[in-house]
Amino acid sequence: MGIESILEVKVKEAVAQLFKVELPQVEFQPTRKDFEGDVTVVVFPMLRYVKGNPAKIGEEIGQFLTANVPAVTGFNVIKGFLNLVISDGFYLDFFNSIKTTATYGHVAEKADDAVMVEYSSPNTNKPLHLGHVRNNLLGYSVSEILKAAGKKVYKTQIINDRGIHICKSMLAWKRFGNGETPESTGLKGDKLVGNYYVAFDKAYKDEVAQLVAEGTDPKQAEKEAPILLEAQEMLQKWEAGDEETVSLWKTMNGWVYEGFAETYKNMGVDFDTLYYESDTYLLGKDVVAQGLEKGVFFKKEDGSVWIDLTENGLDEKIVLRSDGTAVYMTQDIGTAIQRVKDYPDVGGMVYTVGNEQDYHFKVLFLILQKLGYSWSNNLHHLSYGMVDLPSGKMKSREGTVVDADDLMQEMSQTAANISAELGKLEDYDEDQKEELYQMIGLGALKYYILKVDPKKRILFNPEESVDFQGNTGPFIQYTYARIQSILRKAEETGVLKDNDVEVEALHAKEKELLKQLQLYPETIQLAAENYSPALIANYTYDLVKEFNSFYQQVSILGEADENRKIFRVQLSKKVGEVIASAFRLLGIGVPERM
RNA sequence: GGUCGCGUAGCUCAGCUGGAUAGAGCAUCUGCCUUCUAAGCAGACGGUCGAAGGUUCGAAUCCUUCCGCGAUCACCA
């Protein structure tokens, strides 16, 4: 049990006894470094219940706690802040209670409480770019965090394999492709298909320009360019099940999937189950029909179906076209319901989708609530800001994108360059080096993206490479590697032990480390509640900074006292385990050496 | 125009449901490798927390107005 929960009870007891008042809650905070003490009780909020001078009240509570709580060995009061000094013994007991717990900080899975996390969900007509990277890293990490907080998690994505965008790539390939394949060109499938998407756009623009030159109104030209009309015709053929079209669609999608699979593997993300838009785009129509009967929706004269959300401060929103076909919203309603049918233990969902769709999800969740689904109160849109370049938005059609594969490759290369300069890995073979560089490069990239609050937009400057020093992934990996180095030496000299040891008078740095370790479980809970990997990243950074300071100031293996040496090794080991555990939640690996 | 989000040091970001003198990293400048990995440590420099009001014992945090940036307001997905 954490010190605060113990103190909470005792402070209430103190107030009850001293002032005959019941406190509903007590406010704690870690004592600031400039003051003596470990935990601070804020007296001000008590003034609503206890009348008097806050300093004096603090004084009296402090005396009570020192006399009645063994863990409290002293106190001081500054203004309305009661700073308590907590005994070394308390922190040592805490450490002994967790030091061999491999899953420290994690909560055991509650099986009845599953959640489905959707992320990635790319279009299948072009390669993944930096925006997808942020999406994937967030979705994956949040999934891991939710698991650590005791949820059962299904990771999923909906693959947008249908629609006019695919037809554009298909058409361009038919026209200009000469039968090219990933095999014949040596290109990754998604790259190949993406090239044709760009080729389509170029041809389209040329045609529009020509029409305009021939005197057509520019707006009309944009609608009437032959290649666009042909693409639309292709979509109709696809929907009608035309054999040749469907076959080409399958082939080209297949190429893209192979390309994506490679990218996902390199990125280190995965999925438990997949949904394809081509399977789900018709879902939801029945639900709309039922909702219409129930009066949730209403029909307009032209036959289109709408929902009126004006009383919720939103507008009217269409859920079915006048020709009876599904829109985006119809599909999402259907897919959500389908998912609960497929996985009945799912009681909530998380959608990792960019913030340009905030409105869509607000509406979707409201609709599902009005339809009366029990799980509709546990839906969350994990909304994140765009990743922009200094030149503005990334646009695939214009080629101003930071390609995911290229970026990961560059990061590994940077790691390799730095590593070669430092020259600490002379005895590693090429494969080991390659694996390590990838771990470090990816670690830098992932940390760089995940440490930022998801809501904020990221400005990514490809000219300035991602840092490897300071508050970065490699810094944390480096600290982990250092710890492993100590542990290897400790093992050789026989001081790597699990037994509890008596240590008197903790070093200030040891105590700080223990306090930081104590925060790990609540940090996971907080990160899960807020769907925020950034909290995990920042926690880990603080822990690592604390360890490096400790490492620099005290000698671990050079410590003369045997018990203390063993304790410091144990402490280092635990810090290493927590680093590894936290980084696993971020999807980042940790190296034995670097 | 309506709605939503963001605005903290030159740059990139922390700052939990309001709490003590607003914290890190990068950059710049000082020190520290014959002792556990210097991708490190210790320190200096750097802030009217976008602006103005308000609530409060106390506001970067909550409320209002305004300014700036972004997104969104399709029978596209």
Side-chain angles (χ1 to χ4, degrees), chain A residues 27 29 31-32 34-35 40 42-45 47-48 54 78-81 83 121 123 158 160 162-165 277 281 300 302-306 313-315 317-329 331-332 354-360 362 383 385-386 388 393 415 418-419 421-422 424 440 444 448 451-453 455-459 461 464 466-479 481-490 522-523 526 529-530 532 534-535 537-538 541-542 544-545 548-559 568-569 572 593-594:
Chain A
E27 190 178 324
Q29 57 181 278
T31 304
R32 291 181 65 112
D34 333 325
F35 301 100
T40 296
V42 189
V43 180
F44 293 111
L47 296 178
R48 292 175 56 191
I78 294 166
K79 290 190 259 180
F81 297 93
N83 303 321
S121 305
N123 287 337
I158 181 141
N160 302 313
R162 178 194 88 93
I164 191 80
H165 51 267
E277 194 185 312
Y281 80 105
K300 287 198 177 175
D302 60 5
S304 57
V305 179
W306 297 70
L314 305 176
D315 296 326
K317 189 82 187 174
I318 189 163
V319 294
L320 206 63
R321 289 196 191 99
S322 54
D323 63 4
T325 56
V327 292
Y328 182 36
M329 189 62 74
Q331 172 187 317
D332 268 5
N355 63 8
E356 76 261 9
Q357 294 196 37
D358 285 356
Y359 187 74
H360 172 80
K362 210 182 253 184
S383 165
M386 296 290 98
D388 291 330
K393 272 189 105 160
I418 294 174
S419 201
E421 229 167 84
L422 297 173
K424 295 178 187 173
I440 297 170
Y448 173 81
K451 77 171 180 193
V452 183
D453 178 17
K455 283 202 295 272
K456 293 196 175 178
R457 62 191 270 260
I458 292 182
L459 203 80
N461 191 342
E464 298 165 20
V466 174
D467 255 317
F468 283 65
Q469 274 163 7
N471 186 359
T472 66
F475 166 68
I476 292 166
Q477 290 171 322
Y478 175 71
T479 304
R482 251 182 175 177
I483 291 172
Q484 300 320 302
S485 172
I486 290 173
L487 295 182
R488 282 190 295 270
K489 295 200 166 108
E522 58 192 82
T523 303
L526 208 59
E529 282 164 27
N530 293 292
S532 177
L535 295 178
N538 289 318
Y541 178 62
D542 289 340
V544 162
K545 258 192 90 71
N548 279 324
S549 182
F550 162 76
Y551 176 91
Q552 206 76 212
Q553 280 200 26
V554 309
S555 185
I556 298 167
L557 298 172
E559 168 61 35
R568 285 183 177 165
V569 169
S572 304
R593 292 175 46 185
M594 71 184 270

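In what follows, chains are A, B, ... by sequence order, proteins preceding strands, each numbered from 1.
- Between B/rC57 and B/rA52, the distance separating the two P atoms is 23 Å to the nearest Å.
- Between A/F81 and A/T31, every side-chain heavy-atom pair lies at or beyond the 4.5 Å cut-off.
- Nearest heavy atom pair, residue A/G385 against residue A/N355, reads CA-ND2, 3.5 Å.
- Residue A/S304 is in base contact, counting any heavy-atom pair closer than 4.0 Å across all strands shown.
- Panel note: side chain A/S121, backbone A/I158; a donor-acceptor pair is recorded below 3.5 Å.
- Of the two residues near RNA chain B, A/N123 and A/M386, the one whose nearest nucleotide lies more 5' is A/M386.
- You'll find that the side chain of A/K79 is closest to B/rA20, out of B/rG15, B/rA39, B/rA20.
- Evaluation of A/F35 against the base of B/rA20 yields a stacking contact (centre distance < 5.5 Å, interplanar angle < 30°).
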Using the 3.5 Å cut-off, write out each protein N or O paired with an N or O of nucleotides 8-11 of chain B and the distance between them.
none

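- Counting distance only, with no hydrogens placed and no angle test, the side-chain atoms of A/N548 and the base atoms of B/rA42 include no donor-acceptor pair under 3.5 Å.
- Here A/N83 lies in heavy-atom contact (under 4.0 Å) with a base.
- By the ring pair (Phe, Tyr, Trp, His ring centres under 6.0 Å) test, A/Y478 is found to be paired with no residue, residues two or more places apart in sequence or in another chain being considered.
- A sub-4.0 Å separation between OP1 or OP2 of B/rC13 and a side-chain N or O of A/K455 is absent.
- Contact annotation for A/F468: base contact, defined as any heavy-atom pair under 4.0 Å involving a base atom.
- Nearer the 5' end of RNA chain B, as judged by each residue's closest nucleotide, is the contact made by A/F475, out of A/F475 and A/H360.
- Pair check for B/rU37 finds none; no Watson-Crick or G-U wobble contact set falls under 3.5 Å.
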Using a cut-off of under 3.5 Å, enumerate the N/O to N/O pairs linking the protein to nucleotides 25-29 of chain B.
residue	atom	partner	partner atom	Å
B/rG25	OP1	A/K545	NZ	3.2
B/rG25	O2'	A/N471	N	3.3

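- A gap of 46 Å separates the C1' atoms of B/rC32 and B/rG70, to the nearest Å.
- Within 4.0 Å of A/T40, counting heavy atoms only, lies at least one base atom of the nucleic acid.
- Heavy atoms of A/E522 sit nowhere under 4.0 angstrom from any nucleic acid atom.
- Pairing each heavy atom of A/V466 with each of A/F468, the nearest pair is O-CD1, 3.2 Å.
- For B/rU3, the paired base is B/rA71 (Watson-Crick or G-U wobble, both distances below 3.5 Å).
- Contact annotation for A/V554: base contact, defined as any heavy-atom pair under 4.0 Å involving a base atom.
- A 3.5 Å limit on both hydrogen-bonding distances identifies B/rG10 as the Watson-Crick or G-U partner of B/rC26.
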If you restrict it to nitrogen or oxygen atoms, what contacts under 3.5 Å exist between nucleotides 54-60 of chain B and the protein, and what is each distance?
none

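- If you check every strand for non-hydrogen atoms under 4.0 Å, A/K489 touches sugar and phosphate atoms only.
- Taking the C1' atom of each, B/rU61 and B/rA20 are spaced 16 Å apart, rounded to whole Å.
- Counting any heavy atom pair closer than 4.0 Å across all strands shown, A/E277 reaches sugar-phosphate atoms only and no base atom.
- The same atom, P, is picked in B/rA9 and in B/rC49; the two are 10 Å apart, to the nearest Å.
- Note on A/D453: only backbone sugar-phosphate atoms sit closer than 4.0 angstrom, heavy atoms only; bases stay farther off.
- Not counting sequence neighbours, the partners of A/L526 by the side-chain contact (heavy atoms from CB on, under 4.5 Å) test are A/E529, A/N530, A/L535.
- For B/rC36 and B/rU17, the P atoms lie 44 Å apart once the distance is rounded to whole Å.
- Nucleic acid contact for A/D315: sugar-phosphate only, since backbone atoms but no base atoms lie under 4.0 Å from a heavy atom of the residue.
- B/rC63 and B/rC6: their P atoms are spaced 11 Å apart (whole Å).
- The partner of B/rU48 is absent, by the rule that a Watson-Crick or G-U pair needs both atom distances under 3.5 Å.
- Pair assignment for B/rA59 gives none, since no Watson-Crick or G-U wobble pairing has each distance under 3.5 Å.
- Listed here is the closest heavy atom pair of A/P54 and A/G80: CB-CA, 4.1 Å.
- Among the heavy atoms of the strands, none lies under 4.0 Å from A/L459.
- For A/S549 (side chain) and A/K545 (main-chain N/O), no donor-acceptor pair under 3.5 Å exists by modelled atom type.
- A/T472 and A/D467 share no side-chain donor-acceptor pair at under 3.5 Å.
- Across all strands shown, A/I486 has heavy atoms under 4.0 Å from sugar-phosphate atoms exclusively, and none from any base.
- The aromatic ring of A/F81 stacks onto the base of B/rA20, its centre lying under 5.5 Å from the centre of the six-membered base ring with the two planes under 30° apart.
- In this entry B/rC16 has no Watson-Crick or G-U wobble partner, no candidate having both defining distances under 3.5 Å.
- In terms of heavy atoms, A/A534 sits closest to A/D453 at CB-N, 4.1 Å.
- Taking only side-chain nitrogens and oxygens, A/Y328 never comes nearer than 4.0 Å to OP1 or OP2 of B/rA77.
- Qualifying salt bridge (charged side-chain N to carboxylate O under 4.0 Å, His left out) partners for A/D388, counting only residues two or more places apart in sequence or in other chains: A/R457.
- Inspection of the A/D332 and A/H360 side chains reveals an N or O donor paired with an N or O acceptor under 3.5 Å.
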Q | Step-by-step side chain to side chain contact (heavy atoms under 4.5 Å, CB included) determination, A/S572 to A/Y551 | A | CA-CA 9 Å; A/S572 304; A/Y551 176 91; over 6 Å; no
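- In plain terms, the two heavy atoms of A/F35 and A/I78 that are nearest each other are CD2-CD1, 3.1 Å.
- Side chain of A/R593 to backbone of A/S485: no donor-acceptor contact under 3.5 angstrom is found.
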